[in-house]
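These values consider heavy atoms only, across backbone and side chains, with no hydrogens, waters or symmetry-generated copies.
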Amino acid sequence: DAGVIQSPRHEVTEMGQEVTLRCKPISGHNSLFWYRQTMMRGLELLIYFNNNVPIDDSGMPEDRFSAKMPNASFSTLKIQPSEPRDSAVYFCASSPHEISPLHFGNGTRLTVT
Amino acid sequence: QKEVEQNSGPLSVPEGAIASLNCTYSDRGSQSFFWYRQYSGKSPELIMSIYSNGDKEDGRFTAQLNKASQYVSLLIRDSQPSDSATYLCAVLGQTGANNLFFGTGTRLTVIP
């Protein structure tokens, strides 16, 4: 079991640039989650998918953020344009079902200068 | 009021002692409770889940749940330096996966 795979591990970009984060969930897991972690706010749910369908995106900060899951094995989180306040660690997690415990990827540390 | 509250610590205990981590939550209808361990620079990993009142033991870890008091705790017996990490409490509310809230975590340091 390779676990949840995220790329890149680190991303440094300038304000205004587009950033795309990628995630491959564990095979067979039906639910996929994107979280953001900061020191001040902890882990916050941005969006989650069930069977590739977005169920709740109310945690997405604003229209600059978008997420897609074109198939069961791939998801992206895009920020366009990026801002310094977007700097955080972004985690992707998957679970067999919506209410099962989560399996987290290693995260992408995003720094926007 | 935050959905899940934890003492941020840091909590320091000597090696071999019992570490006690506490968490309170606001949604009285919550049904599922989880403890995750997060080492610095790493991702959270699930160490315990508990669904009914009482104690649940797994090796050196014991989770305790009291739904009436809206309180969940994690005890670590015979603490080891390798237990030094941040422990996140997560509570799943009634309405489903979008109602899974994490506390901000308690940083534990076990002193050799």
Side-chain angles (χ1 to χ4, degrees), chain A residues 1-7 9-10 21 23-26 29-51 53-60 67 69 88-109 111, chain B residues 1-10 21 23-27 29-52 56 58 61 63 65 72 74 85-107:
Chain A
D1 185 350
V4 177
I5 299 173
Q6 290 187 247
S7 65
R9 289 297 308 276
H10 303 273
L21 312 181
C23 175
K24 176 180 170 56
I26 293 173
H29 281 194
N30 294 324
S31 298
L32 181 141
F33 304 79
W34 283 100
Y35 281 87
R36 178 171 67 178
Q37 187 175 41
T38 60
M39 289 292 291
M40 290 299 296
R41 300 174 67 90
L43 271 167
E44 299 175 288
L45 177 65
L46 300 177
I47 185 171
Y48 88 94
F49 296 82
N50 195 45
N51 293 322
V53 177
I55 303 300
D56 184 355
D57 65 354
S58 60
M60 298 285 261
M69 192 166 186
V89 180
Y90 290 80
F91 285 105
C92 176
S94 70
S95 66
H97 309 287
E98 287 182 278
I99 60 172
S100 301
L102 304 179
H103 300 256
F104 284 84
N106 288 326
T108 294
R109 182 173 295 276
T111 303
Chain B
Q1 180 186 5
K2 292 183 179 179
E3 290 82 3
V4 179
E5 300 223 33
Q6 294 181 255
N7 187 327
S8 63
L21 307 166
C23 172
T24 58
Y25 59 95
S26 61
D27 183 353
S30 298
Q31 297 296 322
S32 304
F33 307 86
F34 309 98
W35 282 99
Y36 287 81
R37 177 176 62 199
Q38 187 174 23
Y39 292 114
S40 180
K42 302 296 185 182
S43 59
E45 57 177 327
L46 180 71
I47 55 172
M48 289 286 286
S49 57
I50 187 166
Y51 304 97
S52 55
K56 179 181 178 182
D58 184 0
F61 298 96
L65 175 62
V72 59
L74 179 70
T86 296
Y87 290 81
L88 304 171
C89 173
V91 177
L92 183 63
Q94 297 182 75
T95 58
N98 56 336
N99 209 18
L100 176 66
F101 294 102
F102 284 83
T104 52
T106 298
R107 186 156 55 93

- Message: Would you compute the distance between atom CD of A/Gln37 and atom CZ of B/Phe102 and round it to the nearest 0.5 angstrom?
- Response: 9.0 Å
- So CG of B/Leu100 and CZ of A/Phe33: to nearest 0.5 Å the spacing works out to 7.5 Å
- Note on the structure: Okay, B/Gln38 and chain A: the region with an atom under 4.5 Å from a heavy atom over there is side chain
- Toward chain A, the part of B/Tyr51 with a non-hydrogen atom under 4.5 Å: side chain
- Return the minimal non-hydrogen interatomic distance between A/Pro101 and B/Phe34, and the atom names on each side. CG-CE2, 3.5 Å
- Smallest separation among heavy atoms of B/Ser43 and A/Gly105, with atom names: CB-O, 2.9 Å
- With sequence neighbours excluded, residues passing side-chain contact (heavy atoms from CB on, under 4.5 Å) with A/His29: A/Ile26, A/Ser94, A/Pro96, A/His103
- Could you tell me which portion of A/Phe104 (side chain, backbone, both or neither) has an atom closer than 4.5 angstrom to a non-hydrogen atom of chain B? both
- Look at the side chain of B/Thr104 and the backbone N and O of A/Gly42, then say whether any donor-acceptor pair between them is shorter than 3.5 Å. no
- Item | Test item: B/Leu46 and A/Leu102 side chains (from C-beta on) under 4.5 Å apart, heavy atoms | no
